[in-house]
Asks: 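Okay, handing you the structure first.
Just the heavy atoms: all of them, side chains too, but no hydrogens, waters or symmetry mates, feed the values below.
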Amino acid sequence: MDYVAALFPPAVMAVGFTWLIVTIIRTQGGVNKYKEDAAVDAALAARAAGESEQPAERRA
């Protein structure tokens, strides 16, 4: 029975890691991809608009 106690923690960690990888892969496409892309595009546009409004002497 000692071998069961020795193998249980690595087995639980393997299942948890597999679940994590599957979750990451499932959330990388479809509707979520367009939401993430839109959020990044909005942040970049806001940053570009903010930089264009600053006077030339404030830019470093």
Side-chain angles (χ1 to χ4, degrees):
M1 290 305 290
D2 287 338
Y3 62 90
V4 173
L7 292 176
F8 184 71
V12 170
M13 292 300 291
V15 169
F17 185 70
T18 302
W19 174 79
L20 176 67
I21 297 301
V22 168
T23 302
I24 290 171
I25 290 171
R26 283 185 181 175
T27 59
Q28 292 302 309
V31 175
N32 293 328
K33 181 175 174 52
Y34 297 116
K35 285 183 195 176
E36 292 171 3
D37 290 346
V40 170
D41 290 341
L44 290 175
R47 183 174 181 185
E51 288 178 354
S52 65
E53 293 174 1
Q54 293 178 350
E57 65 252 4
R58 293 197 67 199
R59 293 183 189 167

Asks: Please go through Met13's hydrophobic cluster and name the other residues, only I, L, V, M, F, W, Y counting, with side-chain heavy atoms under 4.5 Å joining them.
Replies: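 Joined to Met13, directly or through intermediates: none.
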Asks: Using residues 15-23 as the side-chain source, report each donor-acceptor pair under 3.5 Å to any protein atom, sequence neighbours left out, with the distance given to one decimal.
Replies:
unit_1 : atom_1 : unit_2 : atom_2 : d
Thr18  : OG1    : Ala14  : O      : 2.8
Thr23  : OG1    : Trp19  : O      : 2.8

Asks: Residues in salt bridge (Lys or Arg N to Asp or Glu O under 4.0 Å) with Asp37, at least two apart?
Replies: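 For Asp37, the residues satisfying salt bridge (Lys or Arg N to Asp or Glu O under 4.0 Å) (neighbours in sequence not counted) are Lys33.
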Asks: Which heavy-atom pair separates Pro9 from Ala6 by the least distance, and what is that distance?
Replies: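 The answer is CD-O, 3.9 Å.
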Asks: Within this structure, what is the CD-CD1 distance for the pair Gln28 and Ile25, rounded to the nearest 0.5 Å?
Replies: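 Going from CD on Gln28 over to CD1 on Ile25, the span is 8.5 Å.
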Asks: If you link ILVMFWY side chains whenever their heavy atoms are less than 4.5 Å apart, which other residues fall into the same cluster as Leu7? By chain and number, please.
Replies: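 None, because no other hydrophobic side chain comes under 4.5 Å of this residue.
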